[in-house]
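Structure, as structure tokens:
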Amino acid sequence: MLSISHSLTGAFIATHVPNPLLSVPLIFAAHYLEDWIPHWDIGTGLSNGTRAKSTAMKLEVIDLIITFGLVFWFWQLGHVAINYYAWMGAGIGIIPDFLEAPRNFLKWEPKPIKYFNDVHGFFHHSTPSKIFGLIPQAIIVVAIYFMR
Ligand SMILES: [Zn+2]
């Protein structure tokens, strides 16, 4: 899924489960389970060569800018104190995707990272359809907005 979906989910979990011994594994598990839902994301087409790496990088920058804005809006706006749980959760939420970056962009995959990438790949289901691939993510974003 997009960084938007994974980061908001991570922030949501971290702000509701303050113990990192519980929240970090939960955030990873949520990432893999969300990727199990057929979805459209930046990596769609990257592995089979139908999307250029430069296009993927530009889309990811846009994805991260929107992600930053939504985390700020949902958890930081109107609060003076920095919500460390929200920001850390948001960052942890996208670790599984960033662990794939060296393989996707540099064709380099050290063994410990390969283990995580294999788990990620096992759960990952993408669709080239933007509409059907974005609907579940829109539902996640709206649900988190109201439940946060
Ligand atoms: Zn992922």
Side-chain angles (χ1 to χ4, degrees), residues 1-17 19-75 83-148:
M1 286 192 172
L2 293 166
S3 295
I4 295 168
S5 311
H6 290 312
S7 285
L8 294 183
T9 302
F12 178 80
I13 292 170
T15 53
H16 285 79
V17 183
N19 183 343
L21 291 176
L22 293 173
S23 65
V24 172
L26 274 175
I27 292 168
F28 270 81
H31 184 115
Y32 297 133
L33 287 175
E34 285 178 333
D35 275 349
W36 181 75
I37 301 165
H39 62 276
W40 182 90
D41 65 14
I42 310 299
T44 306
L46 194 61
S47 48
N48 63 18
T50 56
R51 175 171 294 146
K53 288 178 184 174
S54 58
T55 306
M57 280 174 138
K58 284 177 204 156
L59 288 171
E60 186 54 38
V61 169
I62 294 167
D63 187 16
L64 289 173
I65 290 169
I66 296 170
T67 299
F68 186 88
L70 289 176
V71 172
F72 186 86
W73 178 23
F74 286 14
W75 287 280
N83 191 332
Y84 291 104
Y85 288 104
W87 293 108
M88 292 294 286
I92 293 165
I94 50 177
I95 286 176
D97 290 338
F98 279 86
L99 289 177
E100 285 194 337
R103 184 193 68 196
N104 291 343
F105 291 99
L106 307 169
K107 294 190 186 301
W108 179 66
E109 190 177 38
K111 263 214 167 123
I113 292 177
K114 186 180 184 324
Y115 169 76
F116 282 97
N117 288 345
D118 287 347
V119 173
H120 195 212
F122 176 79
F123 282 97
H124 202 266
H125 294 91
S126 60
T127 171
S129 167
K130 276 191 186 131
I131 292 174
F132 289 112
L134 288 174
I135 286 172
Q137 302 185 74
I139 292 169
I140 288 171
V141 172
V142 171
I144 289 173
Y145 173 80
F146 287 109
M147 292 172 13
R148 74 195 198 281

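What you see is a predicted model; the values in this text were computed from it and never measured. Counting convention: from 1, in listed order, for ligands and their atoms alike.
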Ile131, CD1 atom: more than 12 neighbouring heavy atoms under 6.0 Å: no
Specify whether an N/O/S atom of Asp35 falls short of 2.8 Å from the Zn ion (ligand 1). yes
Ile94 side, atom CD1; Leu8 side, atom CG - distance, nearest 0.5 Å: 10.5 Å
Restricting to N, O or S atoms, which atom of Asp97 is closest to the Zn ion (ligand 1)? OD1
Around atom NZ of Lys53, are there more than 12 heavy atoms of other residues, nucleotides or ligands at under 6.0 Å? yes
Measuring to the Zn ion (ligand 1), does His6 have an N/O/S atom at a distance below 2.8 Å? no
With a cut-off of 6.0 Å (strictly less than), are more than 12 heavy atoms of other residues, nucleotides or ligands near CZ of Phe105? yes
Whether His31 has an N, O or S atom under 2.8 Å from the Zn ion (ligand 1): yes
